[in-house]
Colleague: 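Here's a structure for you.
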Amino acid sequence: MALMKTKFNLKRRVKLAQGLWLMNWCCVLAGIALFSMGIFLKIELRKRSEIMDNEESHFVPNSLILMGALACALNAFAGKICYDSLDPNKFAKWKPMLKPYLTVCLLFNVFIFFTGVVCFLARGSLDSTLAHGLKNGMRYYKDTDTPGRCFMKKTIDLLQIEFKCCGNKGFRDWFELQWVSNRYLDFSSKEVKDRIKSNVDGKYLIDGVPFSCCNPSSPRPCIQLQVTNNSAHYSYDHQTEELNLWTRGCKEALLTYYTSMMSSMGGMVMLVWILEMVVMIGLRFLHTCLESIANPEDPECESEGWILEKSLKDTIKSSWELVKSMGKLNKVETAGGEGDKEAGVATVS
C-alpha cells in the first residue's frame with residue numbers, strides 16, 4: 001500500500017503546483033541568505049587566520065557557500081518544473097527527469113541536515129584550533145623583525161582590544177613567555193641578566209602584560225608591569241583588588257563569538273532544511289498525481305498522489321534487496337575477471 005496516498009482533482013493539483021512554485025522561490029531566497037552567511041563567516045575567520053591552528057574551521061563556511069549555491073540552482077529548476085506542470089505538453093519533457101531530481105534533492109537534504117548539526121557542534125574543534133593558534137601567536141608576539149611574523153604583535157594587540165580579553169586563558173599566560181623582543185632589552189643591566197639566568201630556557205620573563213590588556217574603563221592608571229608585586233604600586237594588592245586588566249582569556253572570548261554566530265547560522269540552516277523537506281515532499285506528490293492521471297485527455301479527472309509507492313517497511317526491504325543483488329553481481333564480475341586472468345596465464349604457459 002502506498003504511503004500517504006491522497007486524491008487530487010484539477011483544482012487541488014493547480015493549487016499544489018502554484019504553492020510549490022512560490023515555496024521554491026522562497027528557498028532560492030533562503031539559498032542566497034545561506035550563501036551570504038557563508039561568505040560573511042569565511043571573512044570573519046580569515047581576519048584571524050594567523051591565530052587559527054588549521055583550516056578545519058573553514059568547513060562550515062565552505063559548506064554554507066556550497067549549500068546556498070545548490071539551493072539556488074535546484075530550487076530555481078524545481079520552480080520551472082512546477083510552473084510547466086500546469087501545461088501537459090510542457091510538463092512531458094520534465095517527466096523523465098523528476099525521479100533522478102528527487103533523488104538529488106534527498107541527498108541535498110541530508111547534506112543540509114548534516115551541516116546544520118556541524119554548526120551546533122563546532123565548539124569542540126574551534127576550542128583546540130584557537131588554543132594552539134593563540135599560543136603560537138603569543139609566542140611570536142616579540143618577533144617584530146622576523147619576516148612572516150612581524151605582523152603578529154599588531155594582530156594580537158588588536159584582538160585583545162576588540163574582544164576585551166588578555167592572553168590565551170587569562171592574563172597570567174603572558175607571565176610564562178617572553179613577549180619583549182631582545183632588541184629592546186639592555187643586556188648590560190643586572191636586572192635583565194638576572195632574569196635571563198634565572199630561567200632554564202634563557203628567556204626574559206616578567207610579571208607583565210602588553211598594553212592591549214588594559215581595561216580603559218578602570219579609574220586607576222593601567223598596571224601592566226609588575227602586576228604581582230604589591231610593593232611596586234601604592235595602595236595595591238593584586239590578590240584582593242580587582243585588576244584593571246581584562247580578566248577573560250581570548251580563547252573564551254573568540255569561542256563565544258564564533259559559536260554564537262555558528263549556532264544562529266545552524267538554526268537558520270535547520271529552518272531551510274524543514275522548508276526544503278516540505279518542498280521535496282510536495283514535489284513528490286505533484287509528480288505522482290500527474291503521472292497517475294488515468295485519462296490525459298481529460299484534465300478534470302481525479303488522480304492519486306503518494307510519497308512512496310509501497311509502505312515504508314516494504315520500500316526499505318526492496319531497497320536492501322537491490323543493494324544485496326548489486327553486491328552479488330559485483331562479486332560475480334570480480335570472480336569472472338579473475339577466472340579470465342587464470343585462463344590467460346594457463347594459455348601462455
Side-chain angles (χ1 to χ4, degrees), residues 47-48 50-53 126-259:
K47 280 181 186 176
R48 297 165 190 98
E50 297 90 355
I51 55 168
M52 305 298 259
D53 186 52
L126 275 174
D127 191 299
S128 58
T129 296
L130 288 169
H132 288 95
L134 281 166
K135 190 176 180 180
N136 289 333
M138 290 170 65
R139 195 167 74 240
Y140 301 144
Y141 182 89
K142 68 180 185 303
D143 298 339
T144 50
D145 298 323
T146 306
R149 298 178 187 171
C150 55
F151 56 84
M152 194 56 75
K153 179 183 180 300
K154 181 181 177 182
T155 299
I156 295 293
D157 282 333
L158 290 175
L159 175 71
Q160 293 188 145
I161 291 169
E162 182 183 352
F163 286 90
K164 300 178 180 180
C165 59
C166 185
N168 187 352
K169 296 180 180 178
F171 68 90
R172 290 181 180 274
D173 293 336
W174 289 108
F175 301 173
E176 299 170 6
L177 53 87
Q178 180 179 337
W179 55 272
V180 180
S181 173
N182 288 340
R183 181 182 179 183
Y184 305 107
L185 294 177
D186 181 8
F187 286 95
S188 62
S189 168
K190 185 178 182 300
E191 182 194 350
V192 173
K193 287 180 181 178
D194 290 344
R195 281 191 178 275
I196 291 174
K197 286 179 181 178
S198 66
N199 184 260
V200 176
D201 298 323
K203 293 180 180 179
Y204 181 72
L205 304 184
I206 56 173
D207 57 341
V209 297
F211 78 97
S212 52
C213 283
C214 295
N215 180 357
S217 301
S218 173
R220 180 170 190 154
C222 184
I223 298 174
Q224 67 177 104
L225 299 175
Q226 295 182 312
V227 174
T228 58
N229 186 356
N230 294 336
S231 61
H233 312 284
Y234 176 73
S235 186
Y236 174 73
D237 184 352
H238 77 277
Q239 290 183 332
T240 58
E241 184 177 344
E242 186 178 348
L243 296 171
N244 55 1
L245 305 175
W246 302 119
T247 55
R248 185 168 65 156
C250 289
K251 186 188 80 171
E252 184 60 34
L254 284 170
L255 207 54
T256 302
Y257 175 71
Y258 283 123
T259 51

Colleague: If you round to the nearest 0.5 Å, how far is CG of N136 from OH of Y140?
Modeller: 5.0 Å

Colleague: Is the shortest heavy-atom distance from the side chain of H233 to the side chain of R220 under 4.5 Å?
Modeller: yes

Colleague: Nearest 0.5 Å, please: how far is CZ in F151 from CD1 in I156?
Modeller: 10.0 Å

Colleague: Between C250 and C165, does a disulfide bond (SG atoms under 2.5 Å apart) hold up when you go through it step by step?
Modeller: CA-CA 5 Å; C250 289; C165 59; 2.1 Å; yes

Colleague: Rounded to the nearest 0.5 Å, what separates atom CZ in F171 from atom CG in L245?
Modeller: 6.5 Å

Colleague: For the atom pair NE2 (H132) and CD1 (I51), what is the distance rounded to the nearest 0.5 Å?
Modeller: 14.5 Å

Colleague: Do Q224 side-chain atoms and V209 backbone N/O form a donor-acceptor pair below 3.5 Å?
Modeller: yes

Colleague: Ignoring hydrogens and angles, state whether a donor on the side chain of N182 or Y204 is under 3.5 Å from an acceptor on the partner side chain.
Modeller: no

Colleague: Rounded to the nearest 0.5 Å, how far does NZ of K251 lie from OG1 of T129?
Modeller: 11.0 Å

Colleague: Between K153, Q160, K164, which is the residue that forms a side chain to side chain donor-acceptor pair (under 3.5 Å) with S212?
Modeller: Q160

Colleague: Look at the side chain of D143 and the backbone N and O of R149, then say whether any donor-acceptor pair between them is shorter than 3.5 Å.
Modeller: no

Colleague: Do the non-hydrogen side-chain atoms of L159 and L254 ever get within less than 4.5 Å of each other?
Modeller: yes

Colleague: Quick one: does any side-chain atom of N244 pair with a main-chain N or O of P221 as donor and acceptor, under 3.5 Å?
Modeller: yes

Colleague: Hydrogens and angles aside, do Y257 and R48 bring a side-chain donor and acceptor to less than 3.5 Å of each other?
Modeller: no

Colleague: Is D207 close to Q226 at the side-chain level, that is, under 4.5 Å between some pair of heavy atoms?
Modeller: yes

Colleague: Nearest 0.5 Å please: distance from the CZ atom of F175 over to the OG1 atom of T228.
Modeller: 5.5 Å

Colleague: Are R195 and E191 close enough for a salt bridge, meaning some N to O gap below 4.0 Å?
Modeller: yes

Colleague: Can you check whether P210 reaches W174 side chain to side chain, under 4.5 Å on heavy atoms?
Modeller: yes

Colleague: Can you confirm whether W246 sits close enough to I161 that some side-chain heavy atom of one is under 4.5 Å from a side-chain heavy atom of the other?
Modeller: no

Colleague: Under a 3.5 Å distance rule, please check whether D157 uses its side chain to pair with a backbone N or O of K154 as donor and acceptor.
Modeller: no

Colleague: Looking at side-chain heavy atoms only, is the closest gap between Q178 and L185 below 4.5 Å?
Modeller: yes

Colleague: For a quick test of reading the model, state the closest non-hydrogen atom pair linking V180 to I206 and the distance between them.
Modeller: CG2-CD1, 4.4 Å

